[in-house]
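First comes the structure, then the notes that go with it.
Indexing begins at 1, ligand by ligand and atom by atom, following the structure's order. What you see is a predicted model; the values in this text were computed from it and never measured.
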Amino acid sequence: MPMNRIQFQAGLSLPAFLERFGTEGQCEAALEKARWPQGFCCPRRCGEAGHSEFRVGTLKTFECRACHRQTSLIAGTLFQATHLALTIWFLAIYLISQAKTGLSSLALMRKLGVSYPSAWLIQHKLMQAMDERNAQYTLVGEVQVEDAYLGGERSGGKAGRGSENKVPFVAAVAVDAEGHPIYVKMAPIPGFTRKAIADWAKADLSPGCLVISDGLACFAGVVDAGSQHKPTIVGGRKPKDLPQFRWINTILGNLKTGFGGAYHAFDFAKYGSRYLAAFAYRFNRRFHLESLPTRLLAAAVSIGPPPERWLRQTEASC
Ligand SMILES: [Zn+2]
């Protein structure tokens, strides 16, 4: 097997990670830096930099000199109201960002030494941060698309039948002039209809993309969103056997292997979007394994506190 520059990159070793983020003080400093790169700035409109610092319990807190509003380090971030140490959160960020094929909540529970509900919430909050970060980008240029299912495969035109826990999604990969993958997008859609594809394309593609599909009629919907469509009729051959679809099918194969190995069955309709987003997030940053934890930290800071709708009613908070 030839040496692959993605597989063989050094990444961030666990000892190196612990040396940088092993104590609560180090994690606080990293979070403060991610939140206020130029130093504290009052989140209220006054934007004042002058402040005093103190602790409420163990929580580092800032008081604005101008308006006297008090802001804790974690208020207004993904970590708001957490009862867990930042070292636990940072370790979770590290483990989730470095796990190529994902990590189950159960594995996270064991590695972090937290309860299952806490592990579940940590994972879902971080996946949501990845999802929202992905949503800021659209694919450009030449894009290969493929129709796929979470929980099954399309075969013989029996799409979506026979299983309630089966969710259709679009897999798309932007390729460069040599046909190599650059970025991917994975998104659940209501069904393989022209309207659903048009809505997907408006959200995930920049206008003017050249979309290459295997000829499934609904993909013509990308034209309604300002892209060009180049259907490739596959005839009796499977799309994965055609060079045009090599990458998208390789990526889908990796996704399937990863999901099969790392996750137990989950509610695809409810959570599929987050799992797909986490896969795409890692894939799109595959050359940056070492800086991934700090990138994910930045995403967690900018996403803000999790709205109630994230939380399953029966789950304890973490
Ligand atoms: Zn203020």
Checklist entry - Centroid-to-centroid, Tyr94 to Trp89, below 6.0 Å? => result no
Next on the checklist: Has Gln98 got a side-chain atom pairing as donor or acceptor with Leu289's backbone, closer than 3.5 angstrom?
Outcome noted: yes
Item to check | Arg45 CZ: over 12 foreign heavy atoms closer than 6.0 Å | outcome: no
Item to check | Which residues share a side chain to side chain contact (heavy atoms under 4.5 Å, CB included) with Ser302, sequence neighbours left out | outcome: Arg133
Checklist entry - Sorted by chain and residue number, which protein N/O/S atoms are under 2.8 Å from the Zn ion (ligand 1)? => result Cys42 SG, Cys46 SG, Cys64 SG, Cys67 SG
Item to check | With Leu108, the side-chain contact (heavy atoms from CB on, under 4.5 Å) member among Leu91, Leu103, Leu126 | outcome: Leu103
Next on the checklist: In this structure, is the centre-to-centre distance between the rings of Phe169 and Trp200 below 6.0 Å?
Outcome noted: no
